[in-house]
Amino acid sequence: MYRLPIILFTVLLFQASLYSCGKSTQTKSDQERTAEKPVLLGSFDKDSAYRYIADQVAFGPRVPGTESHKSCGRYLVDRLERFGADTVIEQKVVVEAFNGDKLPINNIFAKYNSDAVNRVLLVAHWDTRPWANMESTEEHREQPVPGANDGGSGVGVILEIARNLGLKAPECGVDILFTDAEDYGNSNGFVNNDETWCLGTQYWVEHMPYNRANRPSYGILLDMVGGQDARFHREQLSNSKARSATVKVWAEARSLGYDDIFVNSVGGAVVDDHVFLIDAGIPTTDIIENMSDLTGSFPATWHTLDDDMQHISRKTLEAVGNTVLNVIYKEKSI
């Protein structure tokens with residue numbers, strides 16, 4: 001993925017009505033909020049999510065066409081099957097990258113509670129960048145990225161969610177899509193190179209197993225969701241074209257006390273898998289760190305050799321996992 005050059009910032013303002021209550025110095029709404037405790041509807045395990053990321057990284061960079069990529073693909077299918085998915089489908093095809101490389105890719109798709117009419121799509125890319133193009137030296141820029149955060153973290157969180165779904169079925173249907181070749185795009189100038197990114201998702205939307213009647217109600221994309229001290233602003237396109245899903249996710253995070261991590265303001269616009277899913281009729285919100293306090297954009301480890309397990313935070317994984325799992329468990333079947 002990459003960040004679009006034009007950034008718009010929107011501050012969402014909320015107003016609360018104040019009521020006096022006898023001699024109490026608290027308002028009624030304050031008292032209610034004091035009494036409320038966050039209710040976790042699943043049993044998301046941050047250590048398990050961390051381990052699933054470490055497992056992926058241990059294979060090596062998951063660049064399409066490599067043995068590491070093949071081995072990790074088998075691992076992902078095995079975990080989804082172990083975690084009780086109704087169906088696991090591998091979409092293996094060859095696509096052409098912007099530089100002429102022929103990429104053997106594998107989009108991995110799983111379904112839970114297949115009979116439910118109301119469905120939610122969870123998405124993360126599982127490939128890693130073949131070039132660490134943000135490194136300072138040319139020698140390092142030619143090396144592949146480890147992809148702990150960018151490629152591993154979203155998958156790790158979704159695998160832990162899948163484990164929960166296998167233990168406690170949701171009322172709604174849940175579809176999981178691990179997309180491939182997201183990160184093989186042309187970073188030379190970025191502008192007008194949108195179509196060089198998210199190659200697996202572009203192929204998937206052209207052959208997706210839905211029609212207009214049975215598409216998921218919305219999708220949630222998880223990308224770079226494990227960074228230390230991460231803050232997730234509302235991605236700009238998500239906020240405008242998948243607003244209902246975006247509001248739902250950020251409101252749930254706030255209710256669980258994660259509003260310091262899920263920041264309720266609009267960040268930058270990002271070219272990511274959700275762009276193509278939205279165009280295909282599935283309004284998808286992107287949980288992604290796109291306004292880092294250090295860089296003003298993506299995390300400092302983005303597309304570098306420092307994107308490793310040392311920079312993964314269990315706290316961040318837990319906040320994202322609990323939020324998304326709560327959203328799912330609150331959905332009804334129809």
Side-chain angles (χ1 to χ4, degrees), residues 1-4 7 9 12 38 44-54 56-57 122-126 128-129 134 145-161 182-183 220-239 245-246 249-274 284-327:
M1 86 299 300
Y2 75 88
R3 195 165 185 257
L4 292 176
I7 306 172
F9 296 94
L12 305 179
F44 188 90
D45 187 332
K46 60 185 178 182
D47 293 321
S48 290
Y50 185 92
R51 184 169 61 252
Y52 300 143
I53 300 169
Q56 295 171 76
V57 173
L122 302 182
V123 187
H125 77 90
W126 68 280
T128 54
R129 181 80 171 155
M134 294 301 291
V145 175
N149 194 23
D150 191 1
S153 63
V155 172
V157 169
I158 292 178
L159 284 179
E160 175 57 14
I161 289 174
E182 186 269 358
D183 234 345
I220 303 174
L221 171 61
L222 285 69
D223 196 353
M224 295 196 291
V225 293
Q228 295 173 342
D229 301 317
R231 299 290 181 269
F232 304 110
H233 296 75
R234 298 186 185 203
E235 189 273 332
Q236 191 178 121
L237 183 66
S238 305
N239 198 58
T246 303
V249 170
W250 264 254
E252 189 61 41
R254 182 174 183 268
S255 76
L256 294 175
Y258 298 133
D259 44 325
D260 61 327
I261 297 176
F262 283 77
V263 181
N264 198 26
S265 66
V266 180
V270 175
V271 173
D272 206 348
D273 291 314
H274 70 306
T284 302
T285 187
D286 191 1
I287 303 175
I288 184 170
E289 185 178 4
N290 63 11
M291 196 185 293
S292 165
D293 291 341
L294 291 176
T295 68
S297 180
F298 292 138
T301 59
W302 177 63
H303 290 186
T304 73
L305 301 181
D306 286 332
D307 187 4
D308 54 25
M309 293 306 298
Q310 295 183 46
H311 295 93
I312 295 296
S313 164
R314 289 174 172 85
K315 176 184 176 182
T316 306
L317 298 174
E318 184 176 53
V320 175
N322 280 332
T323 297
V324 175
L325 197 53
N326 257 36
V327 168

Applying salt bridge (Lys or Arg N to Asp or Glu O under 4.0 Å), run through D47 and R314 and close with a yes or a no.
-> CA-CA 7 Å; D47 293 321; R314 289 174 172 85; 2.8 Å; yes

In terms of heavy-atom contacts, Q56 and G151 come closest through OE1-O, 3.7 Å

Side chains of W250 and N239: does their closest heavy-atom pair fall under 4.5 Å? no

Distance-only, no hydrogens or angles: does the N290 side chain make a donor-acceptor pair with backbone N or O of S297 under 3.5 Å?
-> no

Correct closest heavy-atom pair for A49 and F44 would be CB-CZ, 3.7 Å

Counting C-beta onward and ignoring hydrogens, is there a side-chain heavy-atom pair between N326 and L256 closer than 4.5 Å?
yes

Within-4.5 Å side-chain heavy-atom neighbours: P299 and M224:
yes

Tightest non-hydrogen contact, residues T323 and V249, listed as CG2-O, 3.5 Å

Please walk me through it: do D150 and W302 pass side-chain contact (heavy atoms from CB on, under 4.5 Å)? CA-CA 7 Å; D150 191 1; W302 177 63; 3.6 Å; yes

message = Tell me whether R231 is salt-bridged to D293, with the criterion being a basic N under 4.0 Å from an acidic carboxylate O.
response = no

Between the NE2 atom in H311 and the CG atom in D306, the distance rounded to the nearest 0.5 Å is 5.0 Å

**Message:** Under 3.5 Å, is there a donor on one side chain and an acceptor on the other for Y50 and D45?
**Reply:** no

Closest non-hydrogen contact found for L305 with D308 is O-OD2, 4.1 Å

Test side-chain contact (heavy atoms from CB on, under 4.5 Å) applied to K315 and I261, step by step | CA-CA 10 Å; K315 176 184 176 182; I261 297 176; 4.3 Å; yes

Modelled atom types, side-chain donor and acceptor of H233 and N264, under 3.5 Å | no

CZ of F262 to CD of E252, rounded to nearest 0.5 Å, is 10.0 Å

Between the CE atom in M134 and the OG1 atom in T295, the distance rounded to the nearest 0.5 Å is 8.5 Å

Practice task
Indicate yes or no: at least one non-hydrogen side-chain atom of F232 is less than 4.5 angstrom from one of T316.
Solution key: yes

Heavy-atom closest pair (A124 atom, L222 atom, distance to 0.1 Å) is CB-O, 3.5 Å

Original post:
Within the side chain of D307, is there an N or O that forms a donor-acceptor pair under 3.5 Å with the backbone of T301?
Top reply: no

- Are D223 and D273 close enough that some pair of their side-chain heavy atoms sits under 4.5 Å apart? no

- Flag for H303-D183: side-chain donor and acceptor within less than 3.5 Å: yes

query: Within a strict 4.5 Å, meaning less than it, do heavy atoms of the I53 and L317 side chains meet?
result: yes

Looking only at side chains, do E235 and H274 share a donor and an acceptor under 3.5 Å apart?
yes

OG of S48 to CD1 of I161, rounded to nearest 0.5 Å, is 12.5 Å

When rounded to the nearest 0.5 Å, the distance separating OG of S313 from NZ of K46 is 8.5 Å

Nearest heavy-atom contact between V57 and P146 is CG2-O, 4.3 Å

Please tell me if the side chains of E318 and Y258 come closer than 4.5 Å, counting only heavy atoms from C-beta onward.
-> yes

In this structure, CG of L122 is separated from CD1 of I220 (nearest 0.5 Å) by 6.0 Å

TODO: For side-chain contact (heavy atoms from CB on, under 4.5 Å), just list the numbers for D272 and E182, CA-CA rounded to whole Å, side-chain angles, deciding distance to a tenth of an Å, and then say yes or no.
DONE: CA-CA 8 Å; D272 206 348; E182 186 269 358; 3.0 Å; yes

For the side chain of N149 and the backbone of V225, is there at least one donor-acceptor N/O pair under 3.5 Å apart? yes

**Message:** I'd like to check I288 versus F298 (side-chain heavy atoms, cut-off strictly below 4.5 Å). Are they in contact?
**Reply:** yes

